[in-house]
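One structure is given here, and the rest of the page talks about it.
Keep in mind that this is a model prediction, so the values were computed, not measured.
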Amino acid sequence: YESDGLLFSAGGNDLLGPDLGALVHPFRAGMSAAEAMVEKRLARRLRQIEDCYRELVDMVLDDGADLKVLVNSYDLPVPSGAEVRLLGGRSVGPWLRPAFAAKGYPAGSPLEREIPRLLLDRFCAVLDRISNEAPARFIRVDTRGAVGSEWADEIHPNARGANAVAARFERQLQRLGLVQAV
């Protein structure tokens with residue numbers, strides 16, 4: 001199928017999903033979000049994500065068409081302990097609050113919000129680096145702040161939040177001339 005744009009969302013779960021606990025040190029009073037990070041693991045994880053995105057860009061460029069890849073920068077999650085249900089009702093989460101609790105972070109600690117912000121900022125820096133190298137083909141859609149309080153669980157928006165994220169993609173698609181304004 002011919003396509004002018006690929007909407008792609010990947011990487012957020014690699015930082016804020018089931019493996020979050022491996023990326024943070026045990027809680028210590030007075031620590032900053034940066035001090036909480038297991039930097040060697042985080043750097044390695046970000047390199048893995050970057051390598052995967054670079055492979056995607058290489059495949060797009062090798063194809064020779066004008067396909068544009070639009071990627072999601074995610075939004076700042078809210079650790080809540082809310083259960084995550086997949087189709088069929090199987091529970092697969094929550095991830096944030098349990099990962100923080102297992103490392104001794106007090107519920108409601110400011111670090112529960114600051115650490116995900118730091119992780120997503122670092123993730124966006126990776127995306128921006130790739131975008132700067134292929135600006136006409138790889139576009140990060142800034143979706144931070146789109147969801148607001150409209151979360152279905154800790155890391156996934158509800159329908160209203162998803163619509164707000166989709167609206168940001170739609171505006172970018174319009175700017176690129178890939179869809180017409182309605």
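- For Asp121, the CG atom counts as densely surrounded, since its 6.0 Å shell holds more than 12 non-hydrogen atoms of other residues, nucleotides or ligands.
- The existence of a salt bridge linking Asp142 and Arg140 is confirmed by a sub-4.0 Å separation between a basic side-chain nitrogen and an acidic carboxylate oxygen.
- Note: the hydrophobic cluster containing Met59 also contains Leu6 (ILVMFWY, side chain heavy atoms under 4.5 Å, direct or indirect links).
- Within the model, atoms CZ of Arg113 and CZ of Arg117 stand 7.5 Å from one another, a figure rounded to the nearest 0.5 Å.
- With rounding to the nearest 0.5 angstrom, the CD atom of Glu55 is 8.0 Å from the CG atom of Asp62.
- Using a distance-only test at 3.5 Å, with no hydrogens or angles considered, a donor-acceptor pair links the side chain of Arg168 to the main chain of Arg144.
- Of the charged side-chain nitrogens involved, at least one lies within less than 4.0 Å of a carboxylate oxygen, so that Glu39 and Arg122 count as a salt-bridged pair.
- Side-chain contact between Arg137 and Leu61 is present, with heavy atoms from C-beta onward closer than 4.5 Å.
- Put simply, CG on Leu15 and CG on Leu42 are 6.5 Å apart, with the number rounded to the nearest 0.5 Å.
- Nearest heavy-atom pair across Glu112 and Gly108 is OE1-N, 2.9 Å.
- Arg45 places a side-chain N or O within donor-acceptor distance of the main-chain N or O of Asp14, the cut-off being under 3.5 Å.
- No donor-acceptor pair under 3.5 Å is formed between the side chain of Glu150 and the backbone N or O of Ala159.
- Taken to the nearest 0.5 Å, the CD atom of Glu35 stands 9.5 Å off from the CG atom of Leu111.
- One finds a salt bridge joining Glu50 and Arg54 here, because a Lys/Arg side-chain nitrogen approaches an Asp/Glu carboxylate oxygen to under 4.0 Å.
- Linking Ile, Leu, Val, Met, Phe, Trp and Tyr residues whenever their side-chain heavy atoms come within less than 4.5 Å places Met31 and Leu119 in a single cluster.
- Ring centroid separation for the pair Phe100 and Phe27 does not come in under the 6.0 Å cut-off.
- Cluster membership for Leu120 and Val165, using ILVMFWY side-chain heavy atoms within less than 4.5 angstrom, is not shared.
- Between Leu173 and Leu7 there is a side-chain heavy-atom pair separated by less than 4.5 Å.
- Of the possible polar contacts, none joining the His25 side chain to the Ala36 backbone as a donor-acceptor pair under 3.5 Å is found.
- With 3.5 Å as the limit, one finds no donor-acceptor pair spanning the side chains of Gln174 and Arg171.
- The distance from atom CG of Leu96 to atom CG of Leu20, rounded to the nearest 0.5 Å, is 6.0 Å.
- Nearest heavy atoms, Leu127 versus Phe138: O-CE2, 3.5 Å.
- Between Pro77 and Leu16, the shortest heavy-atom contact is CG-CD1, 3.7 Å.
- Phe169 and Ile130 end up in different hydrophobic clusters when Ile, Leu, Val, Met, Phe, Trp and Tyr side chains are linked at under 4.5 Å.
- Looking at heavy atoms from C-beta onward, Val60 lies out of side-chain contact with Lys68 at the 4.5 angstrom threshold.
- Between the side chain of Lys103 and the main chain of Gly21, a donor-acceptor pair closer than 3.5 Å is present.
- Remark: side-chain polar atoms of Tyr74 are not paired, donor with acceptor, to backbone N or O of Phe123 under 3.5 angstrom.
- In this structure, the side chains of Val126 and Tyr53 stay at 4.5 Å or more apart for every pair of heavy atoms.
- Clustering ILVMFWY residues whenever any of their side-chain heavy atoms sit less than 4.5 angstrom apart, transitively, puts Val179 in the very cluster that holds Leu176.
- The shortest distance between side-chain heavy atoms of Asn13 and Ile155 falls below 4.5 Å.
- The two atoms that bring Ala164 and Ala146 nearest to each other are CB-O, 3.3 Å, heavy atoms only.
- Interatomic distance, Ile115 CD1 to Ser109 OG, rounded to the nearest 0.5 Å: 7.5 Å.
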* Asked: Can you check salt bridge (Lys or Arg N to Asp or Glu O under 4.0 Å) on Arg97 and Glu154, steps first, answer last?
  -> CA-CA 8 Å; Arg97 176 75 41 87; Glu154 289 184 315; 5.6 Å; no

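- With Phe8 as the fixed residue, the side-chain contact (heavy atoms from CB on, under 4.5 Å) test singles out one of Asn72, Leu56, Leu70, Val141: Leu56.
- Ion pairing between a basic and an acidic side chain is recognised when a charged N comes within 4.0 Å of a carboxylate O; Arg41 and Asp19 show no such pairing.
- Thr143 and Asp75 share no side-chain donor-acceptor pair at under 3.5 Å.
- Put simply, the side chain of Arg160 does not reach to within 4.5 Å of the side chain of Asn163, judged on heavy atoms.
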